[in-house]
Structure formats: C-alpha cells, structure tokens
Amino acid sequence: GAVVSQHPSRVICKSGTSVKIECRSLDFQATTMFWYRQFPKQSLMLMATSNEGSKATYEQGVEKDKFLINHASLTLSTLTVTSAHPEDSSFYICSVTGGVQETQYFGPGTRLLVL
Amino acid sequence: GNSVTQMEGPVTLSEEAFLTINCTYTATGYPSLFWYVQYPGEGLQLLLKATKADDKGSNKGFEATYRKETTSFHLEKGSVQVSDSAVYFCALTITQGAQKLVFGQGTRLTINP
C-alpha cells in the first residue's frame, strides 16, 4: 500500500497563531485526500475531502475559513489551522486514495496542542 | 444517519486467547464494512473488509462476517499474539462520489504474554 507521512508529528503553539500540517503521499498518486480529527478516546471524524487542483469539500459543522486545505499536487495536501484556540487541540490525521472505491491509506497523525 | 458502535475497551487478554470485538452499524443504503488497525506510533491500516451481506473478510488470522440481519460486523481471532496489541476501528462507507469513512470509537487491545 501507499506510504503516507505527516509533518510535524507534534506541534505546540500559542493561542491566536496559525499552524500548517503537511500530508505527503510518498509513493502514490493521491487524487483524493481526506482530513480527519480525533479527540481523545473518540472516533475519527471526517473534516473535509480534497481533490487535487480543486477546492476542498467540508463536512457539516467544519469551518472552512478556520481549517484551510490546499491540495496542490498529487502528493501533497496541507491543513492550516488559522487563529488556533485551545479547543482546536486534537489529533489530526490525513488519508489518501487513488479514487472512488479505492482503499484509503492513512498518515500517522499530527498532535496539536494550543496553549 | 450512518453510525458505527464498537465494543468499549480497553480489552486485555492473554496470549492464545480467543478474541471478539463487537461492532454494529446503522446505515442508509448498503454500506461496505471495514476493520482498521492502528499499531503504536503508526497510521491506520486496513485489516479486512466486506462489501455485501454474508461476505467474510479475513486477514492475518482475523475474520469478520457482514451480517445484514443483525447489522453487525464482529471481529474475531482464534488465538491472539502479543503483536496484535493495537487499537482496532470498525468503519463503514456509503459511497457518494467519494469514499467517506464513518468510524466507530476504536477498541484498544492489549495482549499479555
């Protein structure tokens, strides 16, 4: 399967700052990438779906102006948490797929802590 | 709506014990069902899947059968090993142009030697 990396693996930032998280597909052409959020001891919740070269589709309740997603190439997607607040502290996970009905391959996740 | 409910953990077993992790779902339409596993420090990996009723998914000694009548997809393994210690996630998809996964809350499994 595909190898997916995320950077950074952990980040601590001050309230009000912006944080960028990268998701890279190292050996796979990812036409679609997904971003998930996971709270402690809870399930993964889909935040948005992005296709290479087009705007991301956000799930209901996810603020698109707060969570900016860019899918500039078939191997890179970025999630920027703008003006982060403590309630944005969470574990953010990306996944990649080659298309509809294809298996999703997951990154190891990024833990964000906002002070 | 679509949802997945998993057996609450954590689950602790001795090596060679029989494992069952329960999973039930609610879905509109005909979902595909999955089990993902997350080993410490790694991303989620697909363990097995089933795409229609009565299908059995299997991998690495794990099995799960898609039971439409009971809306269940329980994960089983006859003899667990220490290396099976991980978090297990049950999930479903209802394909709507993109494969959107709906996950259960995860079950942490620890196997003691």
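Letters go in sequence order (proteins before strands), and every chain restarts at 1.
The CG atom of A:N51 sits 10.5 Å away from atom CE of A:M33, with the distance rounded to the nearest 0.5 Å. Note that OH of A:Y58 is 11.5 Å distant from CG of A:L46, once rounded to the nearest 0.5 Å.
Of the atoms belonging to B:L46, it is side-chain heavy atoms, and not backbone ones, that fall under 4.5 Å from chain A. Only the side chain of A:Q38 comes within contact range of chain B, judged by heavy atoms closer than 4.5 Å. Heavy-atom distances place the side chain of B:Y36, and not its backbone, under 4.5 Å from chain A.
Using bins of under 30°, 30° to 60° and over 60° for the plane-to-plane angle, the ring pair B:W35/B:F73 lands in the parallel bin. Taking the six-membered ring for Trp and thresholds of 30 and 60 degrees, B:F103 and B:F89 have ring planes more than 60 degrees apart, a perpendicular arrangement.
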